[in-house]
A.B. asks: 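Sending over a structure as structure tokens; questions will come in a sec.
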2 protein chains.
Amino acid sequence: MLDLAILGLLHEQEQHGYEIRRRLRDELGLFANISFGSLYPALSRLEAAHAVTVIESSGGAAAPSMPFTGSLSGERAGLRARRAGTPRGTKRSRKVYRITDQGRRLFEQLLDADERPGADDARSFGLRLAFARHIAPQARLALLERRRAQLTRRLATDQVRASGDTLDVYTRSLVEHSTEATEHDIAWLDRLIESERLKQPAPRSENREPHTGDAVTATKGTSP
Amino acid sequence: MLDLAILGLLHEQEQHGYEIRRRLRDELGLFANISFGSLYPALSRLEAAHAVTVIESSGGAAAPSMPFTGSLSGERAGLRARRAGTPRGTKRSRKVYRITDQGRRLFEQLLDADERPGADDARSFGLRLAFARHIAPQARLALLERRRAQLTRRLATDQVRASGDTLDVYTRSLVEHSTEATEHDIAWLDRLIESERLKQPAPRSENREPHTGDAVTATKGTSP
DNA sequence: GTCATCATGTAAGCCGTTACATGATTGC
DNA sequence: GCAATCATGTAACGGCTTACATGATGAC
């Protein structure tokens with residue numbers, strides 16, 4: 001699941017590990033404080049699988065496919081010069097990763113094929129929804145409806161539990177609150193689903209133009 | 001955390017592994033479908049730590065320091081007789097566990113000392129609340145208030161996230177919904193806390209000011 | 001006598017953690 | 001020059017999963 005999160009972030013913008021961690025915390029909120037002991041091995045794995053490539057592992061400019069001097073001292077000089085322009089940041093000795101075409105394929109594959117059992121459902125769904133803008137409208141709808149079905153099932157088992165007479169006060173309160181929370185979640189999903197339906201009124205069996213891939217481009221280059 | 005759940009169930013009634021799993025699923029709801037690959041090793045660990053003892057293992061040996069007939073056929077006959085009384089179940093070759101005094105101590109210790117980082121907060125709290133009736137009133141109150149503080153912190157970070165301008169539609173919706181859910185949780189906790197305070201009006205161990213003045217929301221009555 | 005269910009266990013693996021080790025850059 | 005921060009990595013471990021192995025009991 002971490003792989004999915006990483007690919008999702010790199011989908012938007014090339015970045016280095018340390019920064020990925022920050023965005024995971026500040027933007028996604030999931031993986032509140034993912035540890036480097038998870039993150040870096042994950043990046044290595046993805047690189048080995050050719051899902052990402054290192055486009056810069058030292059000082060050069062982060063511009064895509066822009067060749068730069070191999071001179072280490074030259075790079076250093078360049079960075080010193082650049083530092084004057086940017087008050088903070090712009091460190092050296094970092095590896096900037098970029099997602100590959102294969103990585104993009106893997107991303108989409110993970111996005112709708114993963115949902116492995118044993119995984120935290122809520123987290124898994126949250127992660128997918130956070131990247132929902134990158135997927136086709138009908139896949140988005142399917143994601144929402146799968147989640148809705150999941151919650152409906154939970155509601156059913158909660159009600160069975162609540163109907164038992166063996167629960168003590170605290171457990172009963174817990175179950176009742178859980179039921180309310182689930183109902184709240186479902187109502188929210190229903191609003192999202194309706195809003196999706198309004199955006200794409202007719203599902204139209206096949207040959208649906210698969211979302212022209214603009215709007216995804218990196219809006220900012222190397223800006224700190 | 002599984003250890004805590006097991007001890008909590010055995011706290012109430014001696015049982016064998018298979019049955020513990022069923023109660024974990026049907027009563028607690030947490031550990032929806034704990035696997036035997038987790039459960040049995042956990043029981044073995046607890047036994048090795050003298051937190052539980054095997055009080056009956058119908059197949060033959062393994063009863064600790066309690067001698068009984070070594071006759072296999074004898075055991076079988078006894079079980080056959082017992083089966084007639086109970087229409088289903090009452091299998092043989094199972095190990096019935098009982099919690100020990102040491103286990104009870106461990107239980108209480110886990111109950112308020114655990115809360116390890118990296119654990120699923122909600123699940124951990126739910127588990128503790130499910131066993132809340134076994135702990136001292138002030139410990140119960142402390143549990144609720146710790147959880148409340150936790151959720152308040154979450155609310156704060158969610159609000160920071162929401163105030164950023166980089167979030168896309170779906171992520172924003174997610175954060176907003178998460179905020180609502182957390183507020184809902186806090187309101188529920190406040191109801192529980194108030195009801196606890198009513199049950200034990202004056203904590204007054206020494207320097208305790210029963211900080212009133214909360215009276216937060218409480219939109220709906222405690223009993224639906 | 002065979003199949004479903006109850007019952008216990010082991011082995012391998014996944015996915016995350018903390019703790020530890022190292023080094024570059026920059027502020028003071 | 002020294003400490004704080006940025007940045008990357010390795011090692012050991014934790015807690016759970018699935019897959020596999022075994023066997024007893026009861027229904028038919």
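These numbers come from a predicted model, not from an experiment. Labels below follow one simple rule: chain letters A, B, ... track the order of the sequence lines, proteins then strands, and each chain is numbered from 1.
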A.B. asks: Which pairs, protein N/O on one side and nucleotides 8-11 of chain C N/O on the other, fall under 3.5 Å?
C.D. replies:
unit_1 : atom_1 : unit_2  : atom_2 : d
C:dT8  : OP1    : B:Lys95 : N      : 3.0
C:dT8  : OP2    : B:Gly17 : N      : 3.4
C:dT8  : OP2    : B:Tyr18 : N      : 2.7
C:dT8  : OP2    : B:Tyr40 : OH     : 2.6
C:dT8  : O5'    : B:Tyr40 : OH     : 3.3
C:dG9  : OP1    : B:Lys95 : NZ     : 2.9

A.B. asks: Does the A:Thr182 side chain pair with the main chain of A:Leu151, one donor and one acceptor, at a distance under 3.5 Å?
C.D. replies: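 Answer holds: no.
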A.B. asks: To the nearest Å, give me how far apart CD1 (B:Ile6) and C1' (D:dC16) are.
C.D. replies: 13 Å
A.B. asks: Does this structure show an ion pair linking A:Arg133 with A:Glu12, if we count only N-O contacts that are shorter than 4.0 Å?
C.D. replies: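 Answer for the salt bridge query: yes.
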A.B. asks: Report which part of the nucleic acid B:Ile34 touches: base, sugar-phosphate, or nothing (heavy-atom distance under 4.0 Å, all strands).
C.D. replies: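 Sugar-phosphate contact only.
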A.B. asks: Pairs in or reaching into residues 38-57 of chain B: which pass ring pair (Phe, Tyr, Trp, His ring centres under 6.0 Å), with residues at least two apart or in two chains?
C.D. replies: B:Phe36-B:Tyr40
A.B. asks: For residues B:Arg147 and B:Gln150, is any side-chain donor paired with an opposing acceptor at under 3.5 Å?
C.D. replies: yes
A.B. asks: When we call it a touch if two heavy atoms are under 4.0 Å apart, what does B:Asn33 touch: a base, just sugar-phosphate, or nothing?
C.D. replies: sugar-phosphate
A.B. asks: Please determine if a side-chain N or O atom of B:Ser35 lies less than 4.0 Å away from the OP1 or OP2 oxygen of D:dC16.
C.D. replies: no
A.B. asks: Round to a whole Å and report the spacing from CG of B:Leu39 to P of C:dA7.
C.D. replies: 12 Å
A.B. asks: Specify the separation, in whole Å, of atom CD of B:Gln15 and atom P of C:dA7.
C.D. replies: 11 Å
A.B. asks: Using ring pair (Phe, Tyr, Trp, His ring centres under 6.0 Å) as the criterion, list what pairs up with A:Tyr170, not counting sequence neighbours.
C.D. replies: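 Once residues adjacent in sequence are excluded, A:Tyr170 has no partner under the ring pair (Phe, Tyr, Trp, His ring centres under 6.0 Å) criterion.
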A.B. asks: Less than 4.0 Å between a side-chain N and a carboxylate O, is that true for A:Glu19 and A:Arg22?
C.D. replies: yes
